[in-house]
**Student:** 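This is the structure I have questions about; it appears just below.
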Amino acid sequence: MIDPKLIRENINVVNAALAKRGASFDTGGLVGLDERRRGLIQETEKLKNEKNSLSNEIAKLRKSGADASDKIEYQRSLGKKIEDLAQDLKTAEAEWEQQLLVVPNIPDGSVPEGTSDEDNRIVKMWGEKPSFDFEPKAHWDLGENLDILDFKRAAKITGSRFTLYKSHGALLERALINFMLDLHVREHGYTEVLPPFMVNRTSMTGTGQLPKFEEELFHLEGVDYFLIPTAEVPVTNIHADEILKEDQLPIKYVAYTPCFRKEAGAHGKDTRGLTRQHQFNKVELVKFANPDNSFDELEGLLLDAEDVLKKLNIHYRVSALCTGDLGFSSAKTYDIEVWLPGQNIYREISSCSNFTDFQARRAKVRYRRQGGNKTELVHTLNGSGLAIGRTVMAVMENYQKADGTITVPEALRPYMHNMETIK
RNA sequence: GGAGAGGUGACCGAGUAGGCCGAAGGUGCUCGCCUGCUAAGCGAGUGUACGGUGAAAGCUGUACCCAGGGUUCAAAUCCCUGCCUCUCCGCCA
């Protein structure tokens with residue numbers, strides 16, 4: 001949620017910033033709703049004030065044994081009036097909030113302007129494309145030939161966009177999870193957490209998935225819980241409704257979780273292989289940062305995520321998303337795109353974002369400056385570190401041999417019983 | 001699933017024959033004083049949110065004692081529902 005005061009006082013600035021996202025967002029009604037809301041607040045509070053002082057008078061009269069029946073009579077009518085006004089206020093407030101909750105975050109000034117992913121700016125390249133003296137295969141062919149990925153049986157068990165990992169495939173997935181967790185905990189200073197994989201509606205609203213993107217989420221029957229689409233949701237909500245101390249910041253968490261997404265808008269897209277699944281594993285990095293240096297923290301977060309691919313020695317590039325490609329809650333995002341020789345493309349493997357105070361305002365994550373007396377909103381950040389399924393793809397395709405076997409990257413061997421080759 | 005107990009401020013913990021309770025006391029924290037350091041001591045302050053006013057500090061109003069309803073002129077205190085925690089039993093990984 002963006003700052004309501006900003007909308008109240010600088011609606012033009014807000015609209016101009018949002019326009020850079022490409023689509024137009026209707027902030028038109030917000031100013032009027034806000035005015036109406038505040039008018040009603042003033043009116044009801046005035047009446048309540050009158051009522052409160054009358055209550056005191058009645059109490060005094062009662063105590064001295066005097067008659068208070070006419071005051072009590074008046075109190076009754078006052079109560080009715082307040083009730084009516086409160087009803088109006090409730091609807092006005094709900095409407096105002098409902099509209100406010102679907103307004104996206106304002107892009108940071110450093111974000112390149114553009115309308116689609118074609119306008120994203122490549123800001124880093126690392127490593128080189130490996131060369132092969134044979135035609136490199138896509139991971140789905142490699143996986144089926146080695147019998148470590150079974151898409152057909154997963155479809156039988158559940159449906160499309162699921163995968164059954166087998167044998168060394170399952171081991172590789174598990175190894176990557178442990179490798180990444182260890183790296184971020186031991187070398188990058190994150191605290192490991194293992195959160196619930198289902199969350200309630202409030203948490204989903206706190207990070208911005210709701211109310212706008214409900215059709216993307218798996219909802220449970222019987223309880224109002226959702227399967228998480230990313231660990232960002234439970235982990236960012238760890239400090240929802242809390243007031244932190246300045247010297248606690250930055251707080252850095254790393255979490256492994258499975259992620260569940262409906263992929264409602266992606267029919268027919270990436271139907272083969274591990275690329276786009278309804279369920280996938282991910283190791284996620286989350287930071288709660290001081291607003292003064294949250295953009296530095298974003299650079300650090302990005303480096304932490306990149307480090308995974310560096311240690312695996314796999315070529316990638318980093319792009320800064322343009323204003324038109326930015327996610328709903330994000331003020332600035334870097335995508336790490338890994339090279340997949342079997343498909344001859346770069347594919348997003350991590351998305352690192354600074355949400356500034358957008359999620360913090362929704363989830364009420366605040367802090368108090370040293371010696372300060374006011375609470376302020378923290379900045380929240382997160383990034384994949386990394387998506388596991390897509391890392392499996394990257395390892396398989398980059399480390400494949402002509403005979404269809406896969407060399408295990410050195411960094412992973414301790415996590416795979418010192419295995420050198422998957423065959 | 002059955003039986004019982006409970007949910008008060010950063011934390012602990014008072015407060016139930018309804019009214020002056022945003023809430024005693026303690027701890028913690030902040031500031032000041034004091035002691036050559038450490039420990040201790042003394043004094044003051046210390047909830048959040050949303051409004052109004054102000055350049056700001058501040059002043060001021062309203063709400064909030066798990067959440068949502070209800071009774072009442074008036075509820076932390078009474079009633080109902082839900083959620084959560086704890087104990088015992090059952091069941092279970």
Side-chain angles (χ1 to χ4, degrees), chain A residues 1-10 30-101 194-206 220-226 234 237-249 251 258 288 357 359-378:
Chain A
M1 199 158 92
I2 63 176
D3 189 353
K5 278 199 196 94
L6 207 59
I7 291 180
R8 190 181 304 158
E9 289 157 14
N10 288 304
L30 273 169
V31 176
L33 277 170
D34 187 35
E35 237 166 76
R36 174 165 164 69
R37 183 183 71 94
R38 280 184 301 150
L40 285 167
I41 287 174
Q42 286 180 47
E43 246 181 291
T44 48
E45 290 192 349
K46 214 172 117 194
L47 289 179
K48 279 181 182 171
N49 184 11
E50 192 183 347
K51 188 178 163 200
N52 285 343
S53 34
L54 245 172
S55 276
N56 284 336
E57 289 176 34
I58 291 170
K60 271 180 204 145
L61 285 176
R62 273 286 179 93
K63 213 171 184 182
S64 64
D67 176 57
S69 50
D70 53 332
K71 287 199 195 266
I72 287 173
E73 193 67 26
Y74 179 60
Q75 270 285 59
R76 269 211 192 94
S77 67
L78 215 48
K80 290 247 160 42
K81 248 197 256 178
I82 290 172
E83 221 171 284
D84 291 344
L85 273 175
Q87 204 50 249
D88 291 349
L89 177 60
K90 209 173 167 184
T91 37
E93 214 137 48
E95 210 176 319
W96 175 71
E97 195 184 22
Q98 197 186 320
Q99 288 200 23
L100 204 55
L101 281 174
L194 184 62
F197 301 159
M198 304 173 198
V199 300
N200 59 32
R201 194 169 281 275
T202 305
S203 294
M204 281 293 186
T205 307
L220 274 73
E221 215 167 289
V223 268
D224 199 15
Y225 293 165
F226 298 85
N237 277 288
I238 287 176
H239 295 296
D241 243 321
E242 292 186 12
I243 300 171
L244 305 165
K245 287 183 191 150
E246 185 174 22
D247 59 18
Q248 288 180 271
L249 304 175
I251 298 174
F288 298 84
D357 60 11
Q359 295 181 325
R361 184 172 292 107
R362 289 170 165 248
K364 300 185 185 71
V365 189
R366 295 151 293 173
Y367 79 106
R368 212 188 306 273
R369 282 184 195 274
Q370 219 101 50
N373 47 5
K374 269 197 213 135
T375 62
E376 295 177 46
L377 297 165
V378 304

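Protein chains get the first letters and strands the later ones, always in sequence-line order, with residue 1 at the start of each.
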**Student:** Would you please confirm or rule out a distance under 4.0 Å between OP1 or OP2 of B/C50 and any side-chain N or O of A/K364?
**Tutor:** no
**Student:** Closer than 4.0 Å, any side-chain N/O of A/N52 to the OP1 or OP2 of B/U62?
**Tutor:**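 Yes, because at least one side-chain N or O of A/N52 sits under 4.0 Å from OP1 or OP2 of B/U62.
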**Student:** Pick base, sugar-phosphate or nothing for A/I243, based on heavy-atom distances below 4.0 Å to the nucleic acid.
**Tutor:**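 Since only primed, P, OP1 and OP2 atoms lie under 4.0 Å of A/I243, the category is sugar-phosphate.
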**Student:** Taking the side chain of A/I58 as heavy atoms from C-beta outward, which of B/C73, B/U62, B/G47 is closest to it?
**Tutor:** B/C73
**Student:** Under the side-chain contact (heavy atoms from CB on, under 4.5 Å) rule, what do A/E35 and A/W96 come out as? Steps first, then yes or no, please.
**Tutor:** CA-CA 10 Å; A/E35 237 166 76; A/W96 175 71; over 6 Å; no
**Student:** Between B/C34 and B/A24, how many Å separate the two P atoms, rounded to a whole number?
**Tutor:**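 Rounded to whole Å, the distance is 31 Å.
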**Student:** Restricting to salt bridge (Lys or Arg N to Asp or Glu O under 4.0 Å), what partner residues turn up for A/E57, sequence neighbours left out?
**Tutor:** A/K71
**Student:** What's A/R366 touching, base or sugar-phosphate or nothing? Going by heavy atoms closer than 4.0 Å.
**Tutor:**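 Counting heavy atoms under 4.0 Å across all strands, the contact made by A/R366 is with sugar-phosphate only.
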**Student:** Check whether any side-chain nitrogen or oxygen of A/R76 sits under 4.0 Å from OP1 or OP2 of B/U72, and answer yes or no.
**Tutor:** no
**Student:** Return the value, rounded to whole Å, for the distance between atom CG of A/L78 and atom C1' of B/A74.
**Tutor:** 13 Å
**Student:** Starting from P on B/A63, measure out to NZ on A/K90 and report it in whole angstrom.
**Tutor:**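 The answer, rounded to whole Å, is 16 Å.
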**Student:** If you count heavy atoms of other groups shown closer than 6.0 angstrom to CD of A/Q248, is the number above 12?
**Tutor:**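 Count over threshold, so yes.
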**Student:** Verify salt bridge (Lys or Arg N to Asp or Glu O under 4.0 Å) between A/D224 and A/R201, making sure each step is shown before the conclusion.
**Tutor:** CA-CA 7 Å; A/D224 199 15; A/R201 194 169 281 275; 2.7 Å; yes
**Student:** Give A/N49 one of three labels, base, sugar-phosphate or nothing, depending on what nucleic acid heavy atoms sit under 4.0 Å from its own.
**Tutor:** sugar-phosphate
**Student:** Evaluate A/R76 against A/E73 for salt bridge (Lys or Arg N to Asp or Glu O under 4.0 Å), listing each step before the verdict.
**Tutor:** CA-CA 5 Å; A/R76 269 211 192 94; A/E73 193 67 26; 3.6 Å; yes
**Student:** Rounded to the Å, how far apart are A/R361 CZ and B/U48 P?
**Tutor:** 18 Å
**Student:** Does a donor on one side chain and an acceptor on the other come within less than 3.5 Å for A/S203 and A/N200?
**Tutor:**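 Present: a donor and an acceptor within the cut-off.
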**Student:** Return the pairing partner of B/A76 with a 3.5 Å limit on both distances, Watson-Crick or G-U wobble; otherwise return none.
**Tutor:**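 No nucleotide pairs with B/A76.
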**Student:** With a 3.5 Å cut-off and no angle check, do the side chains of A/R369 and A/Y367 form a donor-acceptor pair?
**Tutor:** yes
**Student:** Using purine N1 to pyrimidine N3 plus N6-O4 or O6-N4 for Watson-Crick, or N1-O2 and O6-N3 for G-U wobble, both under 3.5 Å, which nucleotide pairs with B/C31?
**Tutor:**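 WC or wobble partner is B/G43.
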**Student:** Nearest-nucleotide wise, let me know which of A/K60 and A/E50 is further upstream toward the 5' end of RNA chain B.
**Tutor:**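 Of the two residues, A/K60 wins.
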**Student:** Could you identify the nucleotide paired to B/G51, looking across every strand shown and requiring Watson-Crick or G-U wobble geometry with both distances under 3.5 Å?
**Tutor:** B/U60
**Student:** P atom, B/G26 versus B/G82: distance in rounded Å?
**Tutor:** 40 Å
**Student:** OP1 or OP2 of B/A49 less than 4.0 angstrom from a side-chain nitrogen or oxygen of A/T375, does that happen here?
**Tutor:**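 So the side-chain polar atoms of A/T375 do come within 4.0 Å of the phosphate oxygens OP1 or OP2 of B/A49, strictly under.
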**Student:** Could you tell me the Watson-Crick or G-U partner of B/A14, where both distances fall under 3.5 Å? Say none if there is no partner.
**Tutor:**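 Partner of B/A14: none found under 3.5 Å.
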**Student:** Could you check which of B/A74, B/C84, B/U62 has an atom nearest any side-chain atom of A/Y225?
**Tutor:** B/C84
**Student:** If we call it a pair only when both distances are under 3.5 Å in a Watson-Crick or G-U wobble match, what pairs with B/C21?
**Tutor:**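 Across all strands, not a single nucleotide pairs with B/C21.
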**Student:** Just do the side-chain contact (heavy atoms from CB on, under 4.5 Å) check on A/Q42 and A/E45 with the steps written out, would you?
**Tutor:** CA-CA 5 Å; A/Q42 286 180 47; A/E45 290 192 349; over 6 Å; no
**Student:** Which base sits across from B/U38 as a Watson-Crick or G-U pair, both distances under 3.5 Å?
**Tutor:** none
**Student:** Would you jot down, in residue-number order, the residues of residues 32-48 of chain A having a non-hydrogen atom under 4.0 Å from RNA chain B?
**Tutor:**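 Output list: A/R37, A/R38, A/I41, A/Q42, A/E45, A/K48.
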**Student:** Please state the C1' separation for the pair B/U77 and B/G58 - nearest whole angstrom.
**Tutor:** 35 Å
**Student:** Salt bridge (Lys or Arg N to Asp or Glu O under 4.0 Å), that's the test. Do A/K81 and A/D84 meet it? Break it down for me.
**Tutor:** CA-CA 5 Å; A/K81 248 197 256 178; A/D84 291 344; over 6 Å; no
**Student:** Taking atom OH as the centre, does A/Y225 end up with more than 12 heavy-atom neighbours from other residues, nucleotides or ligands that are less than 6.0 angstrom away?
**Tutor:**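 No, OH of A/Y225 has 12 or fewer neighbouring heavy atoms, counting only those of other groups under 6.0 Å.
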**Student:** Between B/C64 and B/G9, how far apart are the two C1' atoms, rounded to whole Å?
**Tutor:**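 Going atom to atom, C1' in each nucleotide, I get 11 Å.
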**Student:** Write down the distance separating the C1' atoms in B/U87 and B/A14, rounded off to the nearest Å.
**Tutor:**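 Pairwise C1' distance, B/U87 against B/A14, rounds to 24 Å.
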**Student:** Output the rounded distance in Å from CD (A/E73) to P (B/U72).
**Tutor:**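 Taking atom P of B/U72 as the reference, CD of A/E73 is at 13 Å.
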**Student:** Checking base pairs now: Watson-Crick or wobble, both atom distances under 3.5 Å. What partners B/A67?
**Tutor:**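 When the pairing criteria are applied, B/U81 turns out to be the nucleotide that pairs with B/A67.
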**Student:** Could you state the atom-to-atom distance from CE of A/M1 to C1' of B/C50 in whole Å?
**Tutor:** 12 Å
**Student:** Pick the P atom in B/A74 and in B/G19, then give their distance to the nearest Å.
**Tutor:**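 The answer is 14 Å between these two P atoms.
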**Student:** How many whole angstroms separate atom NZ of A/K245 from atom C1' of B/U46?
**Tutor:** 13 Å
**Student:** Name the pairing partner of B/C86, where a pair is Watson-Crick or G-U wobble with both distances under 3.5 Å, or state none.
**Tutor:** B/G4
**Student:** How close or far is atom C1' of B/G51 from atom CD of A/E93, stated in whole angstroms?
**Tutor:** 10 Å
**Student:** Considering only B/A63, B/C73, B/G69, which nucleotide approaches the side chain of A/I72 most closely?
**Tutor:**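 Nearest listed nucleotide: B/C73.
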**Student:** For B/C80 and B/U71, measure between their P atoms and round to the nearest Å.
**Tutor:**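 These two P atoms come out 15 Å apart once rounded.
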**Student:** If we take the C1' atom in both B/C11 and B/A3, what is their distance in whole Å?
**Tutor:** 32 Å
**Student:** Starting from C1' on B/A67, measure out to CG on A/D224 and report it in whole angstrom.
**Tutor:** 15 Å
**Student:** With nearest nucleotides of RNA chain B determined for A/E83 and A/W96 from heavy-atom distances, which residue corresponds to the more 5′ nucleotide?
**Tutor:** A/W96
